[in-house]
Each structure stands twice: as structure tokens, then as C-alpha cells.
Amino acid sequence: MTFYTYNYLHASQNTWQYARIIIICVVVLGFILFSIHYLRHRFDMKYKDLSIIFGTLLLLILGMQYNDFSNIQNSIKQSGQMTTVVREAAKQLDVSKESISVNATTPNDNVLIKSSKGFFRVDYNTDGSQFVLERVDLYDSSNVKVEGEK
């Protein structure tokens, strides 16, 4: 069973979004450079072809970004909800949030929390705004892996 630390959850919120922004900036820069070269040297068709290729690639990437926008917003929201659960659980257990890890990156009915005080199951209320921690004993706790530990 894999558990994720608070730092891992917090860092994973922004990593992929930064990579997408960098890719788009590189393609936009390439499109602008090849378009400028084409406008300077109108008889050199390679710059025209390269600017068309980069423009098409830019439209394709922007179309995919628009399509994935709601999915990205959902994953950021859910990952943010898990970091909130970790912070609140740390307050309830009176431990630091860095010493707590959870077995899911999105909120669901089977979230387990691993802390120095043991394992706890998260029971959400009907609307998901509050939760209660219930102490549990794992059958095989030797198979626990923690992602994001130093």
C-alpha cells in the first residue's frame, strides 16, 4: 500500500501545470521566430513551412489545453482537499503535518492516514465538509510504502 506525504501532495499540485506552460511558451516562441524570418525572407519557403508547422502545433496544443482545463481544475481542487485533510488530521492528532501521510491523492471513502500514533481511517460526513478519524489496525503493515519521504 502506498502512502503520500504532505510535501508530495503539495508539490504535485503544480508540477505538471508548469511543464505545460513551458511547452506552450517554447512553441509560441518558435512560431514567432519562424514567422519573423519568413516575413524578412519571403522567397525562402522553409521559414514559411516551419511557421505553418509551429502554428499548427500551437493550435493543437491550445486545443488540448482547453479540452483538459476542467480536468486540471478538478485535480488541483481534489489535491488541495487532501492537503487540507492532512492539515486538519495533524491538528486532531497533535502531530506535525509533515509526519502524516495518506493513501490517496484524491478524497474518497477509503482514505487511510498513517502517523506516528498509528493508522486512522477518515470518515466523512454526508456532504464531505467534515470528517472523523477512526483508529484502525492493518492486517499487514509491513507492506507500506511512503512516497515523498526524504
* Asked: Does atom CG of Asn125 have more than 12 heavy-atom neighbours, drawn from other residues, nucleotides or ligands, at distances under 6.0 Å?
  -> yes
* To do: State the CD1-CG distance between Ile24 and Leu57, to the nearest 0.5 angstrom.
  => 10.0 Å
* **Any side-chain heavy-atom pair of Phe119 and Leu112 under 4.5 Å** => no
* In terms of hydrophobic clustering (I, L, V, M, F, W, Y; side-chain heavy atoms under 4.5 Å; direct or indirect links), are Val27 and Leu33 co-clustered? -> no
* To do: Determine, using the 4.5 Å side-chain heavy-atom cutoff (strictly less than), whether Leu62 and Val28 are members of one ILVMFWY cluster.
  => yes
* Going by heavy atoms in the side chains, are Asn103 and Thr2 under 4.5 Å from each other? -> no
* Give, for atom NZ of Lys117 and atom CD of Gln92, the distance between the pair rounded to the nearest 0.5 Å. => 11.0 Å
* Report the distance from atom NZ of Lys97 to atom OG1 of Thr5, rounding to the nearest 0.5 Å. => 12.0 Å
* Asked: How far does OG of Ser101 sit from CG of Asn7, to the nearest 0.5 angstrom?
  -> 11.0 Å
* Does Phe120 reach the side chain of Leu93, with side-chain heavy atoms less than 4.5 Å apart? -> yes
* To do: Output the distance between atom CD1 (Ile113) and atom CZ (Arg135), rounded to the nearest 0.5 Å.
  => 12.5 Å
* **Listed partners of Asp123 passing side chain to side chain donor-acceptor pair (under 3.5 Å), at least two apart** => Arg121
* **Glu134 atom CD, neighbour heavy-atom count above 12 within 6.0 Å** => yes
* Does one hydrophobic cluster hold both Ile32 and Ile61, with members joined at side-chain heavy-atom distances below 4.5 Å? -> yes
* Asked: Would Ile52 and Leu29 show up in the same hydrophobic cluster when neighbours are defined by side-chain heavy atoms closer than 4.5 Å?
  -> no
* CD1 of Ile23 to CG of Leu58: how many Å apart, nearest 0.5 Å? -> 12.5 Å
* To do: Could you list the residues that satisfy salt bridge (Lys or Arg N to Asp or Glu O under 4.0 Å) with Glu88, not counting sequence neighbours?
  => Lys91
* Consider only side-chain heavy atoms of I, L, V, M, F, W and Y, link residues closer than 4.5 Å, and tell whether Val132 and Val85 are in one cluster. => no
* To do: Only counting residues at least two apart or in another chain, list the ones meeting side chain to side chain contact (heavy atoms under 4.5 Å, CB included) with Phe34.
  => Tyr47, Leu50, Ser51, Phe54
